[in-house]
Every structure is written in structure tokens, then in C-alpha cells.
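Presented below is the structure to which this report refers.
This structure is a prediction, so every number in the text was calculated from the model and none was measured.
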Protein chains: 2
Amino acid sequence: MSQGNTGVTSQVVHAEGCPVREVLDRVAGKWSVMIIVAAAHGPIRFTELERSVEGISRRMLTLTLRNLERDGLVTRTVHPTVPPKVEYELTPVARELHASLLGLTDWAERHRVTIAESRAAYDALHRPELLDA
Amino acid sequence: MSQGNTGVTSQVVHAEGCPVREVLDRVAGKWSVMIIVAAAHGPIRFTELERSVEGISRRMLTLTLRNLERDGLVTRTVHPTVPPKVEYELTPVARELHASLLGLTDWAERHRVTIAESRAAYDALHRPELLDA
DNA sequence: CTGAATCCTACGGGATACTG
DNA sequence: CAGTATCCCGTAGGATTCAG
């Protein structure tokens, strides 16, 4: 091989059963992580979540909470009062996730400016048409 | 308010400008992270990526690589040979991201079984119709 | 207050074919 | 080898309405 092989064994990233994919699928939704962040401080009510997670619709809040509950990431506690009061709380598993997420948010904060600049530069070079936003 | 306020100041998770959302949007795609993982070992060629990232289509590989390049997460190096040879390499910023990702994959591996069980249990309770898959 | 049910649309992403 | 260009479809998710 005159061109030489890389010598680097590029290992396959398995599609199925890949832990990377799994966590991502679980967290990929538009709202899951934001809900986890909003609930990280302790039990929180439905309406509080609705206000905390800016921009979320009532429907998506419900759906996402159901999925989180299904995965065992939040618990749902109904207080049989009137008016009804429902509290959501992160499970220990979700708290661990939240801790790991901190690494990501930290990364995002450290590089957000750089990334924004990179985008602008790229667009200036490869997307001249959308320069006058 | 006889029910009392919670005392817990549920802070708002801002929609715009939220670093959490930003990193997620950037990584939320179906393939971004898997490409980053596949490229973590060093420079890698287009076709090698295509084989490494199981299940990806040529189209999505190209699109995702372009976005990663745009965000300054990968560099694209064209070797003017014949046949053409293009190498993609993670930038330092992306390497940091990859490191943070390790925390997530670790979390996923530690809890995948628990989560799967949680799902099964939830479905058994709340989705009796789809029990005979 | 805390949802569930419907309706509807945008867009991510797959399959396929063509190109330098 | 390394892409681009089209076509097409499923579904995430928004708006709105009804209900316990």
C-alpha cells in the first residue's frame, strides 16, 4: 500500500445496542433535558414546570414527562387535593444524568462564542446568499 | 395561600441563549455524536466513516459532516490525489466535547438495564395493548 | 390545576440516481 | 472516492379544544 494504510483501526460505532445512541435517543427530544434541569432543584409541580421551561407547550410537557417517567427518570406524585396537585421529582438515576450533563453545559458555555464565530465565518464563505438576514 | 409556596425557587430554563439547549441542538441529530466518536481516534476518511458509523446514509454523512465543520468541530482536508482523498479530523473543541460525552455514555451503560426494566414495567401497567409484540 | 384528544405542518432523514 | 440532487415519508411537536 504505497498510500499507506492509516494504521488507525477505525472501530465501528454500532448502531443497535450502542450506549451512545441510547442515551441520545432518550435525551434527544426538544424538552427532556430542559425539564430535567428545571426539576433538578427538587420536587416541582406541573404548572411550575410549564413556567420554568420557557416555550414548552402543555402537550409536550405532558408527553415528555410521561416518557421520563416511563424511563424511570422522574417520579409522579399525585396529591388528592382540590385543586389537584401533582409533583414531579428526579430519581437518583436522573440526578446522575444531570451531573453528567453538567460537563456538557460547561463545554457549551466555554465554547459558545467560538462556535458562533465559526458558524459566521463558514456561512460567509459558503453561504453568501444569506448574509443580509 | 394556605397551601403555601414551595419555598423552592424554580428557576426558569431560558429557551434562547440557554447553553443546555445549544449543545443539545448541536448534538441532537441522529448522527453527529456517532461521527464524533468514530473520528475520535484520529483523522478518518469519508468512506471509513461511512463504514464505521453503522447505518448512516451517504447523504446524512455529508450533511452532518458539513454541520460539524460549520460549527468548527471537524476540519476537512482534501488531498488533491486521484482518486480523491478527504480526511476529517476532530478539532480540539470537539475533543473536549467527546470527553464530556464519555460521562454520558458511562451513565448510559450503568443504567441501561434499569431503564429497560423501568420501561417494561411502565408499559405493563399503562399500555396493556402492546404486550404481545 | 393537570391533563387527554385532535388536527395539522415542518423538517429530519431514508432511498435512489447522477457527477467530478 | 467523495460527494450532490431529488423525491418521499414518518413523526416530533405546535395550536387548539375538551375534561376530571
- Query: If each of F46(B) and K30(A) is mapped to the nucleotide of DNA chain D with the nearest heavy atom, which maps nearer the 5' terminus, i.e. the 5' end?
  - Reply: F46(B)

- Message: Here's a test of your reading of the structure: between R58(A) and T64(A), which maps to the more 5' nucleotide of DNA chain D?
- Response: T64(A)

From [atom1] of [X] over to [atom2] of [N], roughly how many Å is that when rounded to an integer?
{"X": "I56(B)", "N": "dA15(C)", "atom1": "CD1", "atom2": "P", "answer": "12 Å"}
{"X": "I44(A)", "N": "dC1(C)", "atom1": "CD1", "atom2": "P", "answer": "14 Å"}
{"X": "E50(B)", "N": "dA15(C)", "atom1": "CD", "atom2": "P", "answer": "12 Å"}
{"X": "L63(A)", "N": "dA4(C)", "atom1": "CG", "atom2": "C1'", "answer": "9 Å"}
{"X": "M60(B)", "N": "dT16(C)", "atom1": "CE", "atom2": "P", "answer": "17 Å"}
{"X": "E54(B)", "N": "dG14(C)", "atom1": "CD", "atom2": "P", "answer": "14 Å"}

Gap between atom [atom2] of [Y] and atom [atom1] of [X] - 0.5 Å precision:
{"X": "R58(A)", "Y": "E50(A)", "atom1": "CZ", "atom2": "CD", "value": "4.0 Å"}
{"X": "L104(B)", "Y": "S100(B)", "atom1": "CG", "atom2": "OG", "value": "8.5 Å"}
{"X": "W31(B)", "Y": "L65(B)", "atom1": "CH2", "atom2": "CG", "value": "12.5 Å"}

- Query: According to a 4.5 Å side-chain heavy-atom criterion applied to Ile, Leu, Val, Met, Phe, Trp and Tyr, with indirect links allowed, do V53(B) and M60(B) form part of one hydrophobic cluster?
  - Reply: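 Yes, V53(B) connects to M60(B) through the hydrophobic network.
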
Look at the side-chain N and O atoms of [X] and state whether any lies under 4.0 Å from the OP1 or OP2 oxygen of [N].
{"X": "S57(B)", "N": "dA15(C)", "value": "no"}
{"X": "R59(B)", "N": "dG12(C)", "value": "no"}
{"X": "Y88(A)", "N": "dC1(C)", "value": "no"}

- Anything under 4.0 Å to a heavy atom of chain A counts; send over the first and last such nucleotide of DNA chain D, read 5' to 3'.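 Nucleotide range with atoms under 4.0 Å of chain A: dG13(D) to dG20(D).
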
- Mind telling me whether W107(A) and H111(A) have parallel, tilted or perpendicular rings, with 30° and 60° as the class edges? tilted

- Message: Let's see if you get this right: which residues in residues 65-75 of chain A place a heavy atom under 4.0 Å from DNA chain D?
- Response: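 Nothing qualifies; none.
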
- Given the rule in the side chain to side chain contact (heavy atoms under 4.5 Å, CB included) test, do V37(B) and H98(B) qualify, once you have shown the distances and angles that lead to the verdict? CA-CA 7 Å; V37(B) 170; H98(B) 180 244; 4.3 Å; yes

- Task: Dump the intermediate steps for side chain to side chain contact (heavy atoms under 4.5 Å, CB included) on R26(B) and L97(B), then the final yes or no.
- Result: CA-CA 11 Å; R26(B) 181 145 24 250; L97(B) 172 59; over 6 Å; no

- Do D71(A) and Y122(B) come close enough that some side-chain heavy atom pair is under 4.5 Å? no

- Query: After noting the C-alpha distance and the side-chain angles of L68(A) and Y88(A), does the key distance pass the side chain to side chain contact (heavy atoms under 4.5 Å, CB included) rule?
  - Reply: CA-CA 10 Å; L68(A) 291 175; Y88(A) 292 91; over 6 Å; no

